[in-house]
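What follows is a single structure, written as structure tokens, with notes after it.
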Number of protein chains: 2
Amino acid sequence: MPKPEVDPTVQLELSVDRSSPVPLYFQLSQQLEAAIEHGTLTPGSLLGNEIELAARLGLSRPTVRQAIQSLVDKGLLVRRRGVGTQVVHSQVKRPLELSSLYDDLEAAGQRPATKVLVNKLVPASAEVAAALGVAEDSDVHRVERLRLAHGEPMAYLCNFLPPGLIDLDTDQLETTGLYRLMRSAGITLHSARQSIGARAATTEEAERLAEETGAPLLTMQRVTFDDTGRAVEYGTHTYRPTRYSFEFQLLVRT
Amino acid sequence: MPKPEVDPTVQLELSVDRSSPVPLYFQLSQQLEAAIEHGTLTPGSLLGNEIELAARLGLSRPTVRQAIQSLVDKGLLVRRRGVGTQVVHSQVKRPLELSSLYDDLEAAGQRPATKVLVNKLVPASAEVAAALGVAEDSDVHRVERLRLAHGEPMAYLCNFLPPGLIDLDTDQLETTGLYRLMRSAGITLHSARQSIGARAATTEEAERLAEETGAPLLTMQRVTFDDTGRAVEYGTHTYRPTRYSFEFQLLVRT
DNA sequence: GTAGTCAGATTGTCCGGACATACAGATTGA
DNA sequence: TCAATCTGTATGTCCGGACAATCTGACTAC
């Protein structure tokens, strides 16, 4: 008895709007992604060949391929020559992003609070100057913040920003995250180099985070670059490891 | 006086070999990447338009675009409509990979040594079974290793693998990394979900790593998936933070 | 002198087709 | 019965062209 396997995309109500300014391949990839997220396309199921899919939608094969490729890049689909394209069957959800502590907390429903400790211009130290690519002793913004969740201190964040990029309003810093401020100022975040480690808390650090001297702290240093490759932020953060850990979803470069 | 700006790719001796089985777009992207790495293409320099580049190489524009796009995805190039494609001018080097401690150490010239403490089949605990997607109490490989550099303990690695994937030879485990073993067994690593945190060392952990009880430890948990989405490895690692920290290069998803 | 407008340049999107390559299953042979 | 071969199918690669969207810089008008 032949397998009753049918192309699952047939049931899907796929359609594209040619009058929309949204690219056709993007419309398609969004619909496919939604179907995967929603469970309509079950993990492991084959997607049906590109040619036929293109014909059914009235698109060309390159356009369909572009849509599928974007989902492959996100890790949602797997293509196999001679076999077909199938939905990855795993817990894999989102790839990974430039994680923002504020967004992370908000997504977890923690309603984060921020207390700005310092917000001023200071001369750049050698370390800061090297990270940001500015001259030593030139002015840079220094922002120190304490991030709280449920009234408990969670992390101490010390950031440096080159001058002239955005105006750092203390009130805004207390109600939103730094990355959101930068994005809304028209800065396109592109990549970041970061280092995660651990060390014992100094007395000063312990006091800030309501820990004891010598308690383990999770540390993170990060330099963020915009789409032109300029450094736009350098930060040194310390987290209470009982309250926070870093979660990543890595994709292997191929 | 007009700008003496010239297309820097002209000086480059770009060429493709049509008799090679290596795809043309890949040949081109490799040559461009090498030129960027080598400094021949300086950061910020414009790449010259795609049409002319395609004509000079005897390629079509889609092929050239595919080559350029792969470097954009790696974060080495930036395209701007109406302007052109230019080399990112920053310290950005490699994107990020599924980091392997063994490879990291070897790249740092540390000549890592490994001591296999345990290598046997055990029934899967609830935690391991959930991570690997196998039935509870079914057999899984358990591998415990101590990683040393310069004779000093550096990390304690505890890994679980589903049975039947590879044969875990203790001698091989002591001379190479787990990921290399998996790759050479034909497993295509695809993605991983990992969590990085910190905690105080228990007496047992401290003993293994030549630290003191209560000393801060860097911890990492990871589930690795192959290209079909099956979990192929689950690991719980502890690192000495004075000897090791995690370095990432993140790209923002667009 | 300043602001708005226009033209050129370059990438973004999309099409239709062609052939190569690799995998899975059926067929054929020993 | 088992292994080697063949065949169909699906993706991988590549081509040549067309038009749209956007940015830069120069020109024009006020």
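Values in this document were obtained by computation on a predicted structure and should not be read as measured data. Protein chains get the first letters and strands the later ones, always in sequence-line order, with residue 1 at the start of each.
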Quick one: list whatever passes side chain to side chain contact (heavy atoms under 4.5 Å, CB included) with B:Arg65, sequence neighbours left out.
B:Glu50, B:Arg61, B:Arg79
For the side chain of A:Gln27 and the backbone of A:Val22, is there at least one donor-acceptor N/O pair under 3.5 Å apart?
yes
Expressed as a whole number of angstroms, how long is the span from B:Leu53:CG to C:dA9:P?
18 Å
If you compare all heavy atoms of B:Thr170 against all heavy atoms of B:Asn119, which two are closest, and at what distance to 0.1 Å?
OG1-ND2, 3.0 Å
Can you name the side chain to side chain contact (heavy atoms under 4.5 Å, CB included) partners of B:Gln30, sequence neighbours left out?
B:Phe26
B:Val88 vs B:Ile36, test: side chain to side chain contact (heavy atoms under 4.5 Å, CB included). Steps then yes/no.
CA-CA 9 Å; B:Val88 164; B:Ile36 294 170; over 6 Å; no
Encode nucleotides 7-19 of chain D as B, S and - characters from 5' to 3', where the letter depends on protein heavy atoms closer than 4.0 Å: B to the base, S only to sugar-phosphate, - to neither.
--BBBBBSBB-B-
